[in-house]
Amino acid sequence: MTHQAHAYHMVDPSPWPLTGAISALLLTSGLAVWFHFNNINLIMLGMAILLLTMYQWWRDIVREGTYQGHHTPLVQKGLRYGMILFITSEVFFFIGFFWAFYHSSLAPTPELGGCWPPSGIHPLNPFEVPLLNTAVLLASGVTVTWAHHSIMEGARKEASQALLLTVILGLYFTALQAMEYYEAPFTISDSVYGTTFFVATGFHGLHVIIGSTFLIICLIRQTMFHFTINHHFGFEAAAWYWHFVDVVWLFLYVSIYWWGS
């Protein structure tokens, strides 16, 4: 940074956006090949390139921010704005699913039997696995906040314990949802109810998996002394994302599981 007269980070040329785009192309075309020809070679190649890209791109960002000093307070401010805008875009992504759900449920058409849930659909009991999942996610929101405060106070051991607990709760939530899907008495093709239920809860489940991955990376970084009291935005971004996932689940639970049943 000694030769630089400003606080901004001029990013070096990187091959990872290109390899990421290639992996996205291979994954989508591989998905089509898998569906039509039952061949998984292309999708596995795409997944391998995607995982390599993720690892190497994150490694480079960690080096830039932790060891090379490129993430100045001004750069961190830009990263914060970027994360806020990303989470805002995710909010609107889920608004579309809620819109579809309420559009169909508030005024059920004759094709649905004029009632909600539609005729022949037996919804899940909201006070069984869904309620347990709600408790699990709310508990994980508490533990991630505990981890954040521990990092800010320099309590490394507590931060690691709280982060590990959060990751375990996130993985437990995913396992419970997988079990719920396996035992569900309806499928994604069972009218608009099945479609909105599985698409909304499925995308939320995908976000939980992404958030859990984010937190696992943070846990590894925490054990490697990457986070300091004043410089830990990588963790803060993960915590914001996790709280967003929490809030979306509360809306999903109240709307689709409880009111919608």
Side-chain angles (χ1 to χ4, degrees), residues 80 83-84 86-102 105 123-153 155-184 196-222 227 232-261:
R80 279 184 166 79
M83 194 66 196
I84 289 165
F86 169 64
I87 290 173
T88 304
S89 74
E90 293 277 81
V91 168
F92 282 95
F93 177 74
F94 277 99
I95 282 173
F97 301 139
F98 284 110
W99 191 300
F101 174 78
Y102 280 113
S105 61
L124 297 163
N125 187 337
F127 302 110
E128 291 178 354
V129 174
L131 186 61
L132 174 59
N133 259 345
T134 304
V136 168
L137 262 195
L138 289 176
S140 73
V142 172
T143 55
V144 82
T145 305
W146 171 27
H148 192 188
H149 282 273
S150 299
I151 289 172
M152 288 192 292
E153 290 167 14
R156 289 198 67 261
K157 188 179 177 184
E158 277 191 27
S160 298
Q161 288 171 342
L163 250 177
L164 181 62
L165 261 177
T166 311
V167 168
I168 290 168
L169 288 167
L171 296 176
Y172 182 44
F173 176 94
T174 303
L176 284 171
Q177 194 168 32
M179 185 192 78
E180 181 186 80
Y181 277 11
Y182 183 73
E183 295 179 351
T196 51
F197 175 87
F198 280 105
V199 170
T201 59
F203 268 114
H204 176 269
L206 177 65
H207 282 70
V208 170
I209 292 167
I210 293 166
S212 299
T213 308
F214 207 165
L215 289 167
I216 289 166
I217 301 298
C218 287
L219 179 58
I220 293 166
R221 293 189 65 195
Q222 171 66 12
F227 298 136
H232 53 264
F233 176 69
F235 171 79
E236 270 186 63
W240 292 355
Y241 189 81
W242 197 252
H243 287 309
F244 156 74
V245 166
D246 264 0
V247 172
V248 169
W249 175 258
L250 290 176
F251 279 101
L252 277 173
Y253 177 74
V254 171
S255 301
I256 294 178
Y257 286 98
W258 180 61
W259 182 84
S261 66

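The first residue of the sequence shown is numbered 1, and numbering continues consecutively from there.
- Considering all non-hydrogen atoms of both residues, Ala159 and Gln222 come closest at CB-NE2, 3.6 Å.
- Remark: Tyr253 pairs with no residue by the ring-ring contact (aromatic ring centres under 6.0 Å, His included) rule, at least two apart or across chains.
- Applying the side-chain contact (heavy atoms from CB on, under 4.5 Å) criterion to Phe92, with sequence neighbours excluded, gives Thr88, Ile95.
- Taking each heavy atom of Gln177 and Gly205 in turn, the nearest pair found is OE1-CA, 3.3 Å.
- Within a 6.0 Å sphere centred on CH2 of Trp146, other residues, nucleotides and ligands contribute more than 12 heavy atoms.
- Nearest heavy-atom pair, Gly234 versus Cys218, reported as atom, atom and distance to 0.1 Å: O-SG, 3.7 Å.
- Looking only at side-chain heavy atoms (C-beta outward), Leu132 and Val136 come within less than 4.5 Å of each other.
- The side-chain heavy atoms of Leu252 and Phe97, taken from C-beta on, include no pair separated by under 4.5 Å.
- We find the OG1-CG distance between Thr201 and Leu206 to be 11.5 Å, quoted to the nearest 0.5 Å.
- Considering only residues two or more places apart in sequence or on other chains, Ser140 meets the side chain to side chain donor-acceptor pair (under 3.5 Å) condition with Trp242.
- The side-chain contact (heavy atoms from CB on, under 4.5 Å) search around Val129 returns Asn133, Leu176, Met179, Glu180, not counting sequence neighbours.
- Here the side chains of Val208 and His204 are in contact, with some heavy-atom distance below 4.5 Å.
- Partners of Ser105 by side-chain contact (heavy atoms from CB on, under 4.5 Å), not counting sequence neighbours, listed by chain and number: Phe101, Tyr102, Trp116, Trp259.
- Residues passing the side-chain contact (heavy atoms from CB on, under 4.5 Å) test with Ala155 are Ser150, Glu158, sequence neighbours excluded.
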Under 3.5 Å, side-chain donor or acceptor atoms of residues 244-251 against the rest of the protein: list the pairs with distances, not counting sequence neighbours.
unit_1, atom_1, unit_2, atom_2, d
Trp249, NE1, Thr134, OG1, 2.9

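- The shortest side-chain heavy-atom distance between Trp240 and Ile84 falls under the 4.5 Å cut-off.
- To the nearest 0.5 Å, atom CD of residue Glu183 and atom CG of residue Leu124 are 9.5 Å apart.
- Put simply, NE2 on His243 and OG1 on Thr145 are 3.5 Å apart, with the number rounded to the nearest 0.5 Å.
- Under the side-chain hydrogen bond (donor to acceptor under 3.5 Å, both in side chains) criterion, the residue pairs touching residues 163-173 are Thr143-Thr166, with sequence neighbours excluded.
- Remark: Arg156 pairs with no residue by the salt bridge (charged side-chain N to carboxylate O under 4.0 Å, His left out) rule, at least two apart or across chains.
- Listed by chain and number, the residues in a ring-ring contact (aromatic ring centres under 6.0 Å, His included) with Phe235 are His148 (sequence neighbours excluded).
- Nearest heavy-atom pair, Ala139 versus Leu169, reported as atom, atom and distance to 0.1 Å: C-CD1, 3.8 Å.
- With sequence neighbours excluded, the residues forming a side chain to side chain donor-acceptor pair (under 3.5 Å) with Glu90 are His207, listed by chain and number.
- Atom CG of Leu219 is separated from atom CG of Leu215 by 9.0 Å, given to the nearest 0.5 angstrom.
- Residues meeting the ring-ring contact (aromatic ring centres under 6.0 Å, His included) test with Phe198, sequence neighbours left out: Tyr181, Phe186.
- Of the inter-residue distances, the one linking Leu163 atom CG with Ile220 atom CD1 reads 11.0 Å to the nearest 0.5 angstrom.
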Trace of the side-chain contact (heavy atoms from CB on, under 4.5 Å) decision for Ile256 with Thr196: CA-CA 9 Å; Ile256 294 178; Thr196 51; 5.6 Å; no
